[in-house]
Each structure stands twice: as C-alpha cells, then as structure tokens.
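Just below is one structure, and these are the notes that go with it.
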Amino acid sequence: MNPIVTAVIVLAVLGAVCGLALAIASKVFAVPVDEKAEKIRECLPGANCGACGFSGCDGYAAALSKGETTNTALCNPGGNEASKAIAEITGLAAEDVKPMAAVVLCQGNNINASRKLEYQGVQSCKMASQLFGGPKDCIYGCVGMGDCVNVCQYEAIQLCDGVARINPALCKACKMCVNTCPKGIIKLMPLNETKAAVLCNNHDKGNLTMKECKAGCIGCMKCVKVCEFDAVKVENFCAVVDYEKCVGCGKCHEACPKGAIDLITLHA
Amino acid sequence: MKALAMIFMTAILTENFILCKFLGICPFLGVSKKLNTAVGMSVAVIFVMGIATAVTYPINTGLLVKYNLEYLQTIVFILVIAALVQFVEIILKKFIPSLYQALGIYLPLITTNCAVLGVVLLNIDNGYGFAQSMINSIGAGVGFMVAMIMFAGVRERLEGCNIPKALNGLPITLIAASLVSVSFQGFTGVVEGIFG
C-alpha cells in the first residue's frame, strides 16, 4: 500500500478513537455544573477579598445559589450594582449595600508619637509589633510599616508621615486591611455621612498616654459630658463613638483637649 | 536492578531534562515564582510523564514499529498524549475532585509540553524496554521537580535582592537559570561513580 495512505489511515483512525473516547468520557463522567452559581460569579468583582464572609467570590456565589444565604448585599466591593444583579438572577429581594470606607483610627505620626526604639528589621507591621509592641511608645497605634498598603488591591492606602491613610474615593470596603492590621485600628465607617471619629485606640491611663503621643485620648470624659445624644462613651481610658447615635454635631470635637476626636465626612 | 537505579539517577542528575537537555523551559520560567505552584506543576509533570510513557510504549511497539511507521512517532504521540491528558482530567474531575483542584490548572499546560513529548521519544531513541522506559520517565519527572524546586528557591531569594535596573525581571532570571544549569554539569560522572 502507498505509505502516504497508510499514514493517513493510521492517524485518522487514532484521531477518531481518541475523539470518540473523549466524547464518551465527557458524557459519562460529566460533572453537573451549577449554572446559577456561575452566573452569580460573573456579577461579582472577583477580588476574592472575603468581605462577604465566604471563601472568596466562588464561595459566595455557591452559597447564594444553594440558598445558604439570602442576603444579596454582602459584597462590599460590588456595591449596589452587584446586589441588584444577584437579585435578578436568584429572584431574591435586592438589599441595599450601605456604602462604607475604611479609616485608620490613629494620629500617631512621626510628629505626634514618640519612639522608644529604632527598628531595622523586616519592614512589616506584624514583625515590628512583635518587638516590644512596635517602634513607637504607644503600643496601640499605627506601626507605620505598611502591611495594609501591601494588602490593598485598590491602591487606596498610603503611608503619610509614619501613619497609614486611606483614600475613601478608592476604598471598596473589602476589609482586607481591617483583617491585616496587627493593631486592629482600621475600622469601616459609613460614606457621605458626617460622624465624629475617635482617632485613637490608646487604653493606657491619661498621664501615660500624654507621654506617648501628643494626639492620644486621655479619657478625660469631656466629650461624654458634652454629647447630647449619649453617643460617646469612655471605655478603658479611650473614647468610643456609637455611629448609630452620632449625628455629627461636632461638640465632642470642639471639647476634646487633645484633638483626638475629629469630624469626618468620607466622600466617595 | 542496578541498571534501573542507574537509569533513574541519570535521569534526575546528569541528564536532567530542564538543566541539561533544556526541555520544558516554558514551565521552568513560568511557574517557578512560588514554591507551592512549582511543586504542583512538578507533581503533575511526573504523573503525566508516567501515564504518557505507559500508553505510548505499546502504541509504538504494537502499531508503529509493526507497520514501519516510525516516522509518525512525533505526531501520533502528540495526539495520544493530548487526548490522554484530557481524558485523565475528566476522570479526576469526576472521581477525585481534591486532586483535580490541586493539579487541575497545570494539566492543560502540560498537554503539549515538550518535556513530556521529549521523554517519550528519547525512551525510544535509547532503545529502552517497558520497565526501563517507565523508570526513565518517572526519573525525568523527579529531575524536573528537583530543578523546579531549586529554582523556585533561587527566585524567592532574588525577590529580596537589589538587582540592577537593567537586569530586573526576566534577564536576571535567565542568568540565574544558566548558573543553576552550569552547576548541574558538575554531576557528570557522579552516577557512574556511585553504581559503576
């Protein structure tokens, strides 16, 4: 037989056998794919940040399609758009995503906060805070090595003078920085609302705080006395504002002798 | 037994697929940035090299050699290996989802990898029997893994280095790869020394 014909026949037969085997296998061993979950997954931003409380976007989509959760508003980065899109696919009622942004509650920059040591190790907040609680005298405040800057997928965080600052216009409230910060001083606040924010987390007694940072809350209670809405409390020598009650009148801000309470309006 | 051990060690050290034969450079540079992806890729390569040899050997002896069609080896093997990897992927997805999750993204990358095709063709060139071919393939896969893991370590160290701007990125990676390759030339004769 002509060698070309043999070659063509052999290859054609082999190809047909392989193709048939694959076709049969893909039918016989087909794994049912949840189409609803895939559609939902396409609506989500794909940041895999975990703000929803599930293991990334795939986890949230699977939970929604299986009915494990009926809340369409868990995706902060996706916002209202994602919530509406999910509601359309699943037939659930769309819930409003309250727009939030993260804020670093610390003013302990290089001017305000004094230092107890010069840290020369690995430039990481987590590592630095293992050593006597960080290079600054205050062990509650921003370490200033930028772990949050590194973890932010939206480049919304910058270090200014040794303290992290977050740009609310870029922040998607994904909570990556909130979970990364070893001091736990990054919190989410509502966007476009004026609220009083205590920019300090120092739980030392007033006289100690004064030595550690010029802008630290000394727990003097002046803000508590002046607030008409019962929104400010002092716990462990540090003021705490209840954002539900706070109307943003600014009286605590005026009363604070250390400038530790600020009126903040986050603009997206 | 000694001959098989010799083939195995030779495939890992002196005839290392990446560093001495320069096959499979694409995954070597592409997937060696992190240690765990390098390990995942290597395990997938060992697996595919093993099953590819197990399937192509009978096809070669039973079909191609019998009908004097050796010149079709390359194209037939590409076809068979590609189909086989797809088939294995389907099976894994159905029956061992956890293994599929671990190897899944690497399997399609390997379908047409030259290292896999290379080991199959070299087995025939060397005139190996079935057992020898299998040992050589597994050894080649393990050698691939050794090179990948070593180079992943090198690259992780490179990340922390102050590299001149002109060399940053791929250039320094290629220089590092060539240095690792040169160091592997030092294994020449080691296997004969151990087993000879």
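Sequence lines set the chain letters: A, B, ... in the order given, protein chains first and strands last, and positions in each chain run from 1.
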Exercise for the section: Flag the pair A:C148 / A:C181 as yes when at least one side-chain heavy-atom distance between them is below 4.5 Å, and no otherwise. Expected result: no

Problem - Pair A:R41 + A:D58, salt bridge at N-O below 4.0 Å - result: yes

Problem - Check: A:N167/A:Q158 side-chain N/O donor and acceptor closer than 3.5 Å - result: no

Completion exercise
Applying a strict 4.5 Å limit to non-hydrogen atoms, the region of B:F95 in contact with chain A is side chain

Handout entry: chain A contact via B:L63 - which portion, at a heavy-atom distance below 4.5 Å
Key = side chain

Would you tabulate the side-chain donor-acceptor contacts of residues 139-152 of chain B under 3.5 Å, counting partners in other chains and residues two or more places apart, or write 'none'?
none

Problem - A:V17 versus chain B, the contacting section by heavy-atom distance below 4.5 Å - result: neither

Exercise for the section: Could you tell me how the ring of B:F87 sits relative to the ring of A:F29: parallel (under 30°), tilted (30 to 60°) or perpendicular (over 60°)? Expected result: perpendicular

Practice task
Using heavy atoms and a sub-4.5 Å threshold, report which of residues 15-52 of chain B line up against chain A, by residue number.
Solution key: none

Exercise for the section: Evaluate whether atom CD of B:Q185 has more than 12 neighbouring non-hydrogen atoms of other residues, nucleotides or ligands under 6.0 angstrom away. Expected result: yes

Exercise for the section: For B:Y67, look at atom OH and say whether over 12 heavy atoms of other residues, nucleotides or ligands are found less than 6.0 Å away. Expected result: no

